[in-house]
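Residue numbering restarts at 1 for every chain, and letters A, B, ... go by the order of the sequence lines. Excluded from the calculations below are hydrogen atoms, water molecules and symmetry mates; all remaining heavy atoms, backbone and side chain alike, are included.
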Number of protein chains: 2
Amino acid sequence: MNFTKTTEYGLRIMSYMSLDNSKLYTANDLFNNLQIPFRYLRKQLNFLSKQGLLVSIQGKQGGYQIAKPLHEITLLNIVEATDEVIPENKCFFGFHDCPLTEKCSMHDKWGDVRDATLEILRTTTLFDLNKEKCSINLSLK
Amino acid sequence: MNFTKTTEYGLRIMSYMSLDNSKLYTANDLFNNLQIPFRYLRKQLNFLSKQGLLVSIQGKQGGYQIAKPLHEITLLNIVEATDEVIPENKCFFGFHDCPLTEKCSMHDKWGDVRDATLEILRTTTLFDLNKEKCSINLSLK
DNA sequence: ATTTAATGATACCTTTAGGGGTTATTTAAA
DNA sequence: TTTAAATAACCCCTAAAGGTATCATTAAAT
Ligand code: SF4
Ligand code: SF4
């Protein structure tokens with residue numbers, strides 16, 4: 001009932017980098033701010049680049065940058081890129097195809113929760129996070 | 001973003017057995033209806049008994065039975081018994097203690113989703129499932 | 001050209017969830 | 001009292017997620 005660590009890391013990274021999407025962020029910079037194990041962070045930055053969410057620039061003065069306009073990247077994009085589990089069509093009881101002859105009450109009840117959750121992920125972009133002052137981009141302690 | 005298999009199995013088991021909470025269900029019966037690997041099912045029935053959600057009766061004609069009145073067992077009880085992850089206090093970005101000086105927008109936004117989700121789990125009992133005709137208890141194909 | 005500061009690639013290690021196998025124990029029924 | 005049908009206990013196997021280590025590559029700065 002929560003995201004994988006990999007997804008959480010992805011959300012942190014993208015959220016943090018969306019503060020200034022013209023800036024190049026080094027892995028070291030991100031490491032100092034996002035509480036992600038360094039090696040794993042490196043791996044994931046690499047991965048996010050391949051996924052097209054980041055652009056990486058090698059060499060001295062290199063780093064990473066968000067690849068697209070902020071309003072074009074939704075939270076769901078990040079979740080899906082880091083954890084293919086969401087689109088998986090499983091019901092409350094974990095069935096892929098329902099073994100029942102008629103739908104149970106949890107079907108709609110839980111379906112509503114799921115829909116509401118996905119709706120937030122689908123409609124919230126990195127631009128929105130900043131607009132609404134998601135201060136993971138504002139001020140670290 | 002979904003329950004563990006173990007939790008899903010737990011929900012299936014308890015939901016199915018709540019149809020008739022006076023009946024003894026054998027592992028074999030549950031196996032034939034709930035699409036759970038037999039050995040793993042056995043292990044989990046054992047576990048649920050130790051957790052106090054089921055009562056087990058050994059020997060010939062033995063089996064398992066729901067341990068308490070249906071209205072005293074919430075879905076959250078089952079989730080918590082099978083997967084200690086929910087109460088874990090992690091935010092949208094996976095932080096246990098927030099590194100920010102002021103709360104970000106996802107804090108409340110996601111907090112609301114989480115609260116709504118937990119509220120359903122906390123307030124829905126096995127009795128409610130049956131009352132509302134959750135037909136995992138009604139008719140298998 | 002050489003150095004240095006950055007990322008890329010690859011392979012390995014560790015932990016945990018999920019699943020399986022075997023033998024012991026219990027108890028109703030024959 | 002023996003047998004059969006059930007659960008209990010214990011140990012091991014596998015795959016995937018999370019994390020680590022090492023070396024190669026790039027490119028700006030000197
Ligand atoms: S009706 Fe119930 S058991 Fe069937 S798919 Fe929906 S939630 Fe799952
Ligand atoms: S304010 Fe944002 S970063 Fe801090 S705990 Fe809440 S959701 Fe997490």
Undergrad: Can you find a heavy atom in the side chain of B:Ile66 that is under 4.5 Å from one in the side chain of B:Ser18?
TA: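 Side-chain contact under 4.5 Å: yes.
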Undergrad: Does a side-chain N or O of B:Ser49 approach OP1 or OP2 of D:dT7 to a distance below 4.0 Å, or not?
TA: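 No, because none of the side-chain N or O atoms of B:Ser49 sits under 4.0 Å from OP1 or OP2 of D:dT7.
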Undergrad: Please tell me if B:Asn46 has a side-chain N or O lying less than 4.0 Å from either OP1 or OP2 of D:dA8.
TA: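 So the side-chain polar atoms of B:Asn46 do come within 4.0 Å of the phosphate oxygens OP1 or OP2 of D:dA8, strictly under.
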Undergrad: Considering just the side-chain nitrogens and oxygens of A:Tyr25, establish if one lies under 4.0 Å of OP1 or OP2 belonging to C:dT7.
TA: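 No, outside the criterion.
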Undergrad: Tell me which nucleotide among C:dT7, D:dA27, C:dT27 gets nearest to the side chain of A:Lys60.
TA: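 Out of C:dT7, D:dA27, C:dT27, the nucleotide with an atom closest to A:Lys60's side chain is D:dA27.
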Undergrad: Quick check for you: among D:dA8, D:dG19, C:dA28, whose closest atom lies nearest to any side-chain atom of B:Ser56?
TA: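 The nucleotide sitting nearest to the side chain is D:dA8.
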Undergrad: Are the side chains of A:Leu126 and A:Asn21 in contact, using a 4.5 Å heavy-atom criterion?
TA: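 Result no, sub-4.5 Å side-chain heavy-atom pair not found.
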Undergrad: To the nearest angstrom, how far is B:Leu41 atom CG from C:dG21 atom P?
TA: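 Rounded to the whole Å, the gap is 15 Å.
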Undergrad: Between A:Leu24 (CG) and D:dT26 (P), how many Å, whole number?
TA: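 Nearest whole value for this atom pair: 18 Å.
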Undergrad: What's the closest nucleotide to the side chain of B:Lys50 if the choices are D:dA29, D:dT7, D:dA9?
TA: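 Per side-chain heavy atoms of B:Lys50, the pick is D:dA9.
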Undergrad: Compare all side-chain heavy atoms of B:Met106 with those of A:Leu11 and state whether any distance is below 4.5 angstrom.
TA: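 When only atoms from C-beta onward are counted, A:Leu11 and B:Met106 do not touch, as no gap falls below 4.5 Å.
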Undergrad: Taking the side chain as everything from C-beta on, heavy atoms only, tell me whether A:Leu19 gets closer than 4.5 Å to A:Asn130.
TA: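 They are in side-chain contact.
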Undergrad: Check B:Lys23 with B:Asp29, please: is the shortest side-chain N to carboxylate O separation under 4.0 Å?
TA: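 Yes.
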Undergrad: C:dG19, OP1 or OP2 - any side-chain N/O from B:Tyr9 closer than 4.0 Å?
TA: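 Yes.
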Undergrad: Contact between A:Leu129 and A:Thr124 at the side-chain level, heavy atoms closer than 4.5 Å - yes or no?
TA: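 A:Leu129 reaches A:Thr124 side chain to side chain.
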Undergrad: Check this one for me: any side-chain N or O of B:Thr4 less than 4.0 Å away from OP1 or OP2 of C:dA17?
TA: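 Checking C:dA17 against B:Thr4, no side-chain N or O comes under 4.0 Å of OP1 or OP2.
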Undergrad: Could you pick out which residue, B:Asn28 or A:Thr6, lies toward the 5' side of DNA chain D when each is mapped onto its nearest nucleotide?
TA: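 The answer here is B:Asn28.
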Undergrad: Give each protein N/O atom lying under 3.5 Å from an N/O atom of nucleotides 20-25 of chain D, with the pair distance.
TA:
from	atom 1	to	atom 2	distance (Å)
D:dT20	O4	A:Lys43	NZ	3.3

Undergrad: Is there a side-chain contact between A:Lys5 and the phosphate of D:dG19, meaning an N or O under 4.0 Å from OP1 or OP2?
TA: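 The answer is no; no side-chain N or O of A:Lys5 sits under 4.0 Å from OP1 or OP2.
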Undergrad: Describe the nucleic acid contact of B:Ile57 in one word from base, sugar-phosphate, nothing, applying a heavy-atom distance below 4.0 Å.
TA: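 Sugar-phosphate, backbone atoms only, no base.
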Undergrad: Can you tell me if B:Asp83 uses its side chain to pair, donor with acceptor, with the backbone of B:Val79 under 3.5 Å?
TA: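 No; judged by distance alone, with no hydrogens or angles, the pair does not exist.
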